[in-house]
Every structure is written in structure tokens, then in C-alpha cells.
Asks: 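Quick one: the structure is below, and I'll ask about it shortly.
Below, chain A is the first sequence line, B the second, and so on; all start at residue 1.
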Protein chains: 2
Amino acid sequence: MYARMSEITTASPDTESPKRHDILCAAGDLFMRSGYGETSVDAIARAAGVSKATLYAHFPSKEALFATIIHDACRTHLAVTSVLPEGVADLRSALRGMGRDLLNFLLQDRALAIHRVVTAECQRFPELGRAFYDNGPGLFRRALAAWLERQQGAGRLRAGDMAVAADQFLGLLRSGLYLRATLGLARPAEAEIDATVQEAVDTFLRAFAPPD
Amino acid sequence: MYARMSEITTASPDTESPKRHDILCAAGDLFMRSGYGETSVDAIARAAGVSKATLYAHFPSKEALFATIIHDACRTHLAVTSVLPEGVADLRSALRGMGRDLLNFLLQDRALAIHRVVTAECQRFPELGRAFYDNGPGLFRRALAAWLERQQGAGRLRAGDMAVAADQFLGLLRSGLYLRATLGLARPAEAEIDATVQEAVDTFLRAFAPPD
DNA sequence: GTCTATAGAAGGATAGAC
DNA sequence: GTCTATCCTTCTATAGAC
């Protein structure tokens with residue numbers, strides 16, 4: 001079921017010292033959990049098992065450390081190619097598989113935390129919203145639009161702007177469930193996720209299937 | 001165009017002293033702009049033109065002040081009855097008017113700020129997400145579902161669960177534009193908003209119009 | 001209720017030894 | 001690079017005068 005969920009790419013240089021790695025891990029956890037303002041450098045150093053001086057030897061400031069964390073996190077995303085298959089026999093089941101993979105990915109603790117932190121701090125760090133969007137939702141949206149255009153070319157979808165259709169399919173997927181998850185309300189059960197995906201696909205295909 | 005946007009209800013007791021009012025206004029602005037952790041009580045007192053001691057005479061703690069601000073803000077919402085008209089001649093134009101009013105409301109600075117702050121702090125203050133959802137998205141969703149059921153009863157919509165349809169219509173409205181707005185990316189232009197609403201209504205009606 | 005003044009803790013950042 | 005110890009600022013919250 002979650003087989004493809006393991007296919008997550010994270011672009012990390014990994015030419016880093018062990019201590020630097022510990023600092024990044026600890027800072028990532030704390031920033032994701034509590035946001036920028038409520039996370040202290042003391043707490044990060046303590047959690048990483050290093051002194052503050054060591055931390056400041058690797059990062060010039062708390063802001064720089066935060067920016068590094070978030071930008072790295074924004075480059076962690078679904079392997080788009082594995083979720084949008086090339087050879088499609090049945091469009092409905094392809095949409096269902098893709099929708100389930102994507103929604104499960106979006107509802108992960110880590111993904112929700114990134115979205116929360118970026119939403120919270122994008123006023124203080126204006127480039128953050130852009131980095132997140134371009135590496136996450138925007139990237140997937142473009143790939144999905146291109147994929148839908150190929151389906152359209154194969155006669156499986158009616159005429160129309162597939163960029164809009166992509167946005168709308170993602171909107172249908174996120175409808176309700178995802179909003180409630182970002183607000184920290186009850187984590188959706190597996191069955192609820194599947195139902196949302198199925199409803200999204202049904203509605204999407206009723207609206208975008210070619211007229212017969 | 002924005003005529004109905006003025007119909008916003010804010011439930012405030014208003015049996016408050018002038019200083020208390022000043023404190024609430026200043027704290028609201030600062031918390032909305034910078035979040036909880038980055039807003040200091042000093043800054044609030046300064047902006048309100050009172051001393052910190054006065055502030056603490058009205059509110060027992062920074063947390064209590066924050067909770068008051070946010071809970072008040074959550075009770076500021078669209079006057080649902082004005083956006084969901086009773087007598088509907090043309091469903092398409094009713095959906096368009098409602099969609100435009102709602103999307104314009106959601107894209108206001110104030111509404112975006114509340115959503116951002118609640119998203120950011122709902123882990124630290126778990127009851128916040130619930131209060132926001134129940135007074136905002138959840139409230140409107142229920143009203144919209146009931147409204148859609150009446151349209152369904154009048155034969156203007158096909159059979160199906162109108163709670164799901166309501167979530168999906170809201171998802172279509174928020175598709176793309178709203179996500180980008182919450183991330184602080186370019187504020188959408190009037191024309192872009194209208195286009196999004198129109199596309200949402202078109203897709204929704206293609207999927208939910210009664211089969212002929 | 002409102003102020004000034006301050007306590008006491010915690011914040012980010014650094015000096016200097018190793 | 002890494003540590004301990006510390007600087008200075010800012011934080012939340014309160015005491016005491018009016």
C-alpha cells in the first residue's frame with residue numbers, strides 16, 4: 001500500500017561533519033515542532049549534544065540555521081516520476097493511485113510540519129514561501145498538468161486548460177481532510193483518506209471526461 | 001462589487017475599558033503579524049500606549065492575552081446568511097456570487113493572518129485549531145451543505161452527499177490561489193480571483209448537475 | 001487602575017583555553 | 001573544531017507608589 005511512499009528524494013550535500021549533521025537533525029526536529037521564535041539555540045545545542053559555541057562555528061546565526069533547515073526540507077519531496085506513471089491503461093485507477101500516494105505523503109507528520117512552519121514564518125522570511133511552493137506544490141502542479149495534457153492528447157480528457165485542471169484536482173484532494181490536518185485536528189484514518197481520494201477522482205472525471 | 005464584504009460580524013462584548021481595548025487592538029496586530037513567540041509583551045504595551053503593569057492588570061499572562069485575541073478573531077466571520085441567499089433563481093450565478101464573496105473574504109489580509117497564526121500555534125495551543133475550524137471553515141461548510149441540499153431538493157443538483165459536495169466546492173475555490181496567498185506569494189488580482197471562481201463553478205456544475 | 005522601577009530567568013552570541 | 005564560562009540584551013512578570 002505504502003510501497004511507493006518510500007520513494008522520497010532528499011537532496012543533501014552530505015559532505016558534512018558528524019556534529020554538523022547532529023545540529024541539523026536536532027534543529028530540524030525542534031523548528032518543525034515549535035517554530036522559529038519558540039525554539040532557542042540553547043535547546044538546539046542541548047538536543048544535538050554540542051555546545052552553543054560549536055553550533056555557532058557551523059552556522060553564523062540562528063536565522064541562517066533556520067533558513068538552511070527549511071530550504072533543505074523544501075527539497076524533500078515525492079519522487080514525481082514514480083507517482084505519475086508513463087504508461088496508463090486505466091485513467092481512473094491511475095488517478096486513484098496517484099491521489100492516494102500524494103494525499104498520504106501530504107498527511108505525513110513531517111510534510112505537515114514543513115507546511116506549518118513555512119506558513120508561519122513566510123512573513124518574517126519572505127523567500128521561504130517561494131522556496132516551499134516551487135519545490136513542493138508548484139513543482140507537482142506543473143508535472144501533473146503536463147501528465148494530464150498527455151492523457152488529454154490520448155483522448156481520455158475533454159478539451160480545456162490542464163493547468164487549471166491540475167490545480168482543481170489538487171484542490172479536490174485537499175478538500176476538507178487536509179485543512180483539518182494542518183489545524184491539528186483528528187488525524188484522518190486510512191479509510192477516510194481512501195474515501196476522499198475516491199470522491200475527488202469521481203468528481204474530477206465527471207467534470208473532465210470527454211463528452212460522448 | 002465588495003458590497004457584501006462589509007457584512008462581517010464580529011462578536012465583541014465591548015463592555016471593556018478603553019485601555020483594555022487598546023491592548024487588545026495592539027496585541028491583535030502584533031500577534032497577527034509576528035506570531036506568538038516573536039511578539040513581546042513589551043512591544044504590545046508600547047504599541048498600546050500603556051505600561052506592562054497595566055497590561056498584566058487586565059490579562060493574567062501573555063498566553064491568556066493571546067488566547068483571547070485568537071478566540072475573538074475566530075468569531076469574526078462572514079455573515080453566512082448574506083452569502084447563501086434563500087431565493088435562488090439561477091444556481092450558476094448564485095454559486096458565482098457566493099464564491100466571489102467567500103474567496104475575497106478569505107484573501108483579506110486579516111483572514112489570511114488569522115489562518116497563518118492558528119496554523120502556526122495550533123500545536124502549542126491545541127484548542128486553537130478546533131476553535132478556528134468550528135467558527136470558520138467548519139461553520140461555513142455545514143451551512144453550505146444544507147444550502148446545497150435545498151438546491152438538490154429543488155432538482156438543481158444530482159443525487160449524492162452534499163457534505164462531500166460542499167467540501168469539494170470549497171476545495172475547488174481554494175485551489176491554487178489560496179495556497180499561494182497563505183504562503184505570502186503574489187497577491188492575486190481581481191481578475192484572477194474571478195477566473196478561479198468561474199472555473200470552480202464550471203467544474204462543480206459539470207460534476208454535480210443533474211443528469212438529463 | 002495606572003504608573004516607574006526592577007527582579008529573576010532566558011535569550012542570542014562570543015572570548016579564550018585546549 | 002570543540003568546549004566552558006560569560007557578556008549583554010531582552011524576556012515575562014511583579015512590587016510599591018499614587
Side-chain angles (χ1 to χ4, degrees), chain A residues 12-72 117 120-121 123-128, chain B residues 12-72 117 120-121 123-128:
Chain A
S12 64
D14 263 343
T15 52
E16 53 188 27
S17 72
K19 297 260 178 188
R20 184 189 166 92
H21 180 258
D22 292 345
I23 294 168
L24 284 171
C25 287
D29 285 347
L30 290 172
F31 280 137
M32 296 294 175
R33 189 182 317 145
S34 309
Y36 180 82
E38 286 298 296
T39 300
S40 71
V41 176
D42 262 310
I44 295 169
R46 204 177 317 125
V50 303
S51 71
K52 276 196 291 187
T54 299
L55 189 152
Y56 278 101
H58 286 278
F59 302 94
S61 69
K62 180 186 176 183
E63 288 199 3
L65 175 56
F66 180 71
T68 302
I69 294 288
I70 302 296
H71 280 94
D72 279 2
V117 173
E121 312 293 347
Q123 306 278 70
R124 163 180 303 270
F125 305 95
E127 81 287 359
L128 225 65
Chain B
S12 65
D14 264 341
T15 52
E16 52 188 29
S17 73
K19 298 260 178 189
R20 183 188 165 93
H21 181 257
D22 293 345
I23 294 168
L24 283 172
C25 288
D29 284 348
L30 290 172
F31 279 137
M32 296 294 176
R33 189 182 317 145
S34 309
Y36 179 82
E38 286 298 293
T39 299
S40 72
V41 177
D42 261 311
I44 296 170
R46 202 177 318 124
V50 303
S51 70
K52 277 192 292 186
T54 299
L55 188 153
Y56 278 102
H58 286 279
F59 301 94
S61 69
K62 181 186 176 183
E63 287 200 3
L65 174 56
F66 180 72
T68 302
I69 294 287
I70 302 297
H71 280 95
D72 279 3
V117 173
E121 311 294 347
Q123 306 277 72
R124 162 179 303 271
F125 305 95
E127 81 287 358
L128 224 65

Asks: If you look at every heavy atom in Arg124(A) and Glu38(B), which pair is closest and at what distance?
Replies: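 It is NH2-OE1, 2.9 Å.
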Asks: Taking 5' to 3' order, which nucleotide of DNA chain D is first and which is last to have an atom within less than 4.0 Å of a heavy atom in chain A?
Replies: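 Boundary nucleotides touching chain A, in 5' to 3' order, are dG1(D) to dT4(D).
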Asks: For the residue pair Ile44(B) and Ile23(B), what are the closest heavy atoms and their distance?
Replies: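 Heavy atoms of Ile44(B) and Ile23(B) come nearest at CG2-O, 4.2 Å.
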Asks: Can you measure Tyr56(B) atom OH to dG8(C) atom C1' for me and round it to whole angstrom units?
Replies: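 About 13 Å, once rounded to whole Å.
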Asks: Starting at the 5' end of DNA chain C, which residue's closest nucleotide do you reach first, Ser40(A) or Ala53(A)?
Replies: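 This one resolves to Ser40(A).
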Asks: Any salt bridge (Lys or Arg N to Asp or Glu O under 4.0 Å) pairs touching residues 53-65 of chain B, not counting sequence neighbours?
Replies: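 Non-adjacent pairs meeting salt bridge (Lys or Arg N to Asp or Glu O under 4.0 Å): zero.
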Asks: Just the rounded figure in Å: distance from P of dG12(C) to CZ of Phe66(A).
Replies: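 Phe66(A) atom CZ is separated from dG12(C) atom P by 13 Å.
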Asks: Would you please confirm or rule out a distance under 4.0 Å between OP1 or OP2 of dG12(C) and any side-chain N or O of Lys62(A)?
Replies: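 Result: yes.
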Asks: Just checking Ser51(B): base, sugar-phosphate only, or nothing, at a heavy-atom cut-off of under 4.0 Å?
Replies: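 The answer is base, as Ser51(B) lies within the cut-off (heavy atoms under 4.0 Å) of a base atom.
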Asks: Any base atoms under 4.0 Å from Lys19(A), or only sugar-phosphate, or nothing? Heavy atoms, all strands.
Replies: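 Result for Lys19(A) = sugar-phosphate.
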Asks: Could you tell me how far apart Leu55(B) (CG) and dT4(C) (P) are, to the nearest whole angstrom?
Replies: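 Answer to the nearest Å: 14 Å.
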Asks: Rounded to the nearest 0.5 Å, what's the gap from OG on Ser40(B) to CZ on Arg46(B)? Could you check?
Replies: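 So the OG of Ser40(B) and the CZ of Arg46(B) are separated by 6.0 Å.
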Asks: Side chains of Phe66(A) and Leu128(A): does their closest heavy-atom pair fall under 4.5 Å?
Replies: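 Side-chain contact under 4.5 Å: yes.
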Asks: Using atom CG of Asp42(A) as one end and atom C1' of dA9(C) as the other, report the distance to the nearest whole Å.
Replies: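 Spelled out: CG on Asp42(A) to C1' on dA9(C) is 12 Å.
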Asks: Any chance you could measure Arg20(A), atom CZ, to Thr68(A), atom OG1, to the nearest 0.5 Å?
Replies: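 Atom-to-atom, Arg20(A):CZ and Thr68(A):OG1 are 6.5 Å apart.
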